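Because the structure is predicted, anything quoted here is derived from the model rather than measured. Proteins come first, then strands; the chains are lettered A, B, ... in the order of their sequence lines, and each starts at number 1.
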There are 2 protein chains.
Amino acid sequence: MNEQHLKWDDLQVVLAIARAGSLSGASRRLHISHATVFRRLNAIEARLGATLFERHRHGYTPTLAGEDLAATAERVQDEVNSAERRVIGQDLKLSGTLRITTTDTLFAGLLCPVIAEFRQQYPSITLEVVISNQVQSLSRREADIAIRPTRKPPETLVGRAVGDITLAVYGQKEHWQATPALFEPSLMLKENWIGPDVHLGDAALEKWMMDKNATYRLDSMLGMQLAARQGTGITVLPCYLGDADQMLLRLSQPIDALTTQLWLLTHPDLRHVARVRAFMAAITEGVSEKLAKASRATASKQNAQAE
Amino acid sequence: MNEQHLKWDDLQVVLAIARAGSLSGASRRLHISHATVFRRLNAIEARLGATLFERHRHGYTPTLAGEDLAATAERVQDEVNSAERRVIGQDLKLSGTLRITTTDTLFAGLLCPVIAEFRQQYPSITLEVVISNQVQSLSRREADIAIRPTRKPPETLVGRAVGDITLAVYGQKEHWQATPALFEPSLMLKENWIGPDVHLGDAALEKWMMDKNATYRLDSMLGMQLAARQGTGITVLPCYLGDADQMLLRLSQPIDALTTQLWLLTHPDLRHVARVRAFMAAITEGVSEKLAKASRATASKQNAQAE
DNA sequence: AAACGGCTTTGCATGAATGAACAGCATTTA
DNA sequence: TAAATGCTGTTCATTCATGCAAAGCCGTTT
């Protein structure tokens, strides 16, 4: 036997195939061509003199040896990711790339102009924005900063709460403008409600909507906003989104049970990275003012009704 | 920041530079060109945006980040080596490569014909023989099988003792053939002794030679054999070596304090590899007979004197 | 039954990586 | 003191690895 048959990068290929269960799945995980995955696996097996995967038409299943290597690869991956974070965590330059993950609602309703301003302020920092309602793993280096509404952030991450996100009932202005009062939601059960489907992933909202019997469900707040604009029914939206929409009218006070906080989160290892700090400061400044403005709009409407 | 800047193979380069302290040293460790080391390190640093080594004319020293990555790389190396041994340890084929390490003395005096016979018997097995008096690490995959004289083998390895290696005093036949008796070594203190230097690495032999005042020292048994052939003095040699040399004559009984055992050692993970088993069986059979023959030659000479 | 989607496998052109050779500088050796 | 040695750094030609495109097979959907 020669000294070393296993190239360290080989483990990454084995892991991707084992976890994806196919060559094409692995190629998508690794962002390389499936032809390359195919050839690299065959080269690895030839070098080791061992069969790592059983071939099927629908894909590949690992042998015992293949699974052993995949488990090893996971441990190596943790080591590599930790090391990389530690090294990059010392970066004091206001340049380089930042990868941000946030929801479509937050991006469209709150963050877009703030990020544009940050771009002007720090042109040397390259931004990659992942707009997804799926959770991106910060420890797995899928993103550097997460901007999310949450009532309880993960303990493994660090960050700050920027402000409260209040939610209230909204309806089409054209339909509801002749009714100036704010309603108690429990008195609106006979209305047609537009609600969230299970993919939106807000358990508290789903629970709150249970007695509303929504027969029109969408998987995003933006979708619910668009539906309410059509006069199809009433729905619950974040105040920053609903209040800014000229075609919608606020129909209730903010609903305490649905209030969340907006959190900026990053991995502890990255908290001293200069561009991470700069970005979080800019978002905090730009967004907390907008959330405060939404809060003031709530109070103004209440005073107007008292007169 | 992009998802991943650190290629897993990068760690290997960083480790080699950190431990060798220079690009050329690292290139020798990795068996690649120093130009490649130079370029790969610069590429790694550019990707990470961090300085891993300080440059000097005499070589490179790691920064804190570089040392951190090197420590990580060592852990990864252990993982990779263990995984490879486990996978290869299931290999049941009588083909592939075997890497053997043994001493120059054992190779020249005992193993050469036995290995040649093994080559004829298993032509599909490629042998790489490292002849060195330095210890080669089996856990670091520098060799698969070690053949060594030792009185106490390392506990982390597995193997078998093939037989005893006896050592006795030898002198030039031309000079000593008129003196048929065997001497007690303590009565030969006034002779000119040829001894081992410190690099031979046999502490028991060095201790035994202390009162012999050897003023001609060599760093190998083969060297001591050649010197004794010239009639320069008397020396201590393994019986399998001295008895087979027509120009030398045995002058003493085997010296109990110097007797060692010949061990075949391998890593526990490799003990079921078919070619490892085949090689160890062949060496055991071929060598134990030769060591027994040396033992019989001792008894015959003693009987001749009793008559 | 045809179309579609997902899988694996193969050939060719291109880009990336590597080794060989060279150059320069400082230190060591004869 | 000159030559040898060992280091880093650069250029050019070659080799290797990769992506693109194509082909084949099979199961599912229309």
Side-chain angles (χ1 to χ4, degrees), chain A residues 2-63 65-67 69-70 73 76 80 97, chain B residues 2-63 65-67 69-70 73 80:
Chain A
N2 254 350
E3 291 189 18
Q4 294 239 327
H5 287 111
L6 197 49
K7 295 161 69 174
W8 292 9
D9 272 351
D10 289 342
L11 286 173
Q12 207 167 10
V13 174
V14 173
L15 178 61
I17 298 170
R19 298 297 173 256
S22 68
L23 299 184
S24 42
S27 75
R28 289 188 293 270
R29 283 179 177 233
L30 298 173
H31 305 299
I32 60 176
S33 156
H34 68 272
T36 300
V37 175
F38 173 77
R39 281 178 294 220
R40 288 189 66 174
L41 175 62
N42 287 341
I44 295 165
E45 287 185 329
R47 261 189 269 121
L48 280 182
T51 301
L52 303 179
F53 291 91
E54 286 167 7
R55 273 84 165 156
H56 309 285
R57 279 235 49 89
H58 61 275
Y60 282 33
T61 56
T63 60
E67 187 52 50
L69 283 196
V76 170
V80 173
T97 313
Chain B
N2 253 349
E3 292 189 16
Q4 295 238 325
H5 287 110
L6 198 48
K7 293 161 66 171
W8 293 9
D9 271 351
D10 289 341
L11 286 172
Q12 206 168 10
V13 174
V14 171
L15 178 62
I17 298 171
R19 297 298 173 254
S22 69
L23 298 184
S24 41
S27 75
R28 289 188 293 272
R29 282 179 180 232
L30 298 173
H31 306 298
I32 60 176
S33 154
H34 75 270
T36 300
V37 176
F38 173 77
R39 281 178 299 224
R40 287 190 64 172
L41 175 62
N42 287 340
I44 295 165
E45 288 185 329
R47 260 188 270 120
L48 279 182
T51 301
L52 302 179
F53 291 91
E54 289 166 5
R55 272 84 163 156
H56 311 285
R57 279 234 52 87
H58 61 274
Y60 283 31
T61 55
T63 61
E67 187 52 49
L69 283 194
V80 173

Nucleotide [N], atom [atom2] - distance to [atom1] of [X] in whole Å:
{"X": "B:Arg40", "N": "C:dA16", "atom1": "CZ", "atom2": "P", "result": "16 Å"}
{"X": "B:Arg55", "N": "D:dT10", "atom1": "CZ", "atom2": "P", "result": "11 Å"}
{"X": "B:Phe53", "N": "D:dG9", "atom1": "CZ", "atom2": "P", "result": "13 Å"}
{"X": "A:Leu30", "N": "D:dA17", "atom1": "CG", "atom2": "P", "result": "17 Å"}
{"X": "A:Leu41", "N": "C:dC7", "atom1": "CG", "atom2": "C1'", "result": "15 Å"}
{"X": "A:Phe38", "N": "C:dG11", "atom1": "CZ", "atom2": "C1'", "result": "12 Å"}
{"X": "A:Asn42", "N": "D:dT18", "atom1": "CG", "atom2": "P", "result": "13 Å"}
{"X": "B:Ile44", "N": "C:dA17", "atom1": "CD1", "atom2": "P", "result": "12 Å"}

Tabulate protein N/O versus nucleotide N/O from nucleotides 24-29 of chain C, keeping only pairs under 3.5 Å, one per line.
from, atom 1, to, atom 2, distance (Å)
C:dG24, N2, B:Arg57, NH2, 2.7

Reckon [X] has a side-chain N or O less than 4.0 Å from the OP1 or OP2 of [N]?
{"X": "A:Tyr60", "N": "C:dT9", "result": "yes"}
{"X": "A:Ser24", "N": "C:dT8", "result": "yes"}
{"X": "A:Arg28", "N": "C:dC7", "result": "yes"}

Close side-chain approach of [X] to [Y], heavy-atom, < 4.5 Å:
{"X": "B:Asp9", "Y": "B:Gln12", "value": "yes"}
{"X": "A:Glu54", "Y": "A:Thr63", "value": "yes"}
{"X": "A:Trp8", "Y": "B:Leu11", "value": "yes"}
{"X": "B:Leu69", "Y": "B:Leu6", "value": "yes"}
{"X": "B:Asn42", "Y": "B:Glu45", "value": "yes"}

- line: Side-chain contact check for A:Leu23: nearest option of C:dT18, C:dT8, D:dG9 is C:dT8

query: Does a salt bridge link B:Arg19 with B:Glu67, judged by any charged N lying under 4.0 Å from a carboxylate O?
result: yes

task: Compare every heavy atom of B:Ala26 with every heavy atom of B:Ala20, then report the nearest pair and how far apart it is.
output: CB-N, 3.5 Å

- prompt: How far apart are the closest heavy atoms of A:Ala73 and A:Leu15, and which atoms are they?
  reply: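 Shortest heavy-atom separation between A:Ala73 and A:Leu15 comes out as CB-CB, 3.7 Å.
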
query: Distance from B:Ile32 atom CD1 to B:Arg40 atom CZ, nearest 0.5 Å?
result: 6.0 Å

Under-3.5 Å N/O pairs linking protein and nucleotides 19-22 of chain D:
from, atom 1, to, atom 2, distance (Å)
D:dG19, OP2, A:Ser33, N, 3.0
D:dG19, OP2, A:Thr36, OG1, 2.4
D:dG19, N7, A:Arg39, NH2, 3.1
D:dG19, O6, A:Arg39, NH1, 3.0
D:dG19, O6, A:Arg39, NH2, 3.1

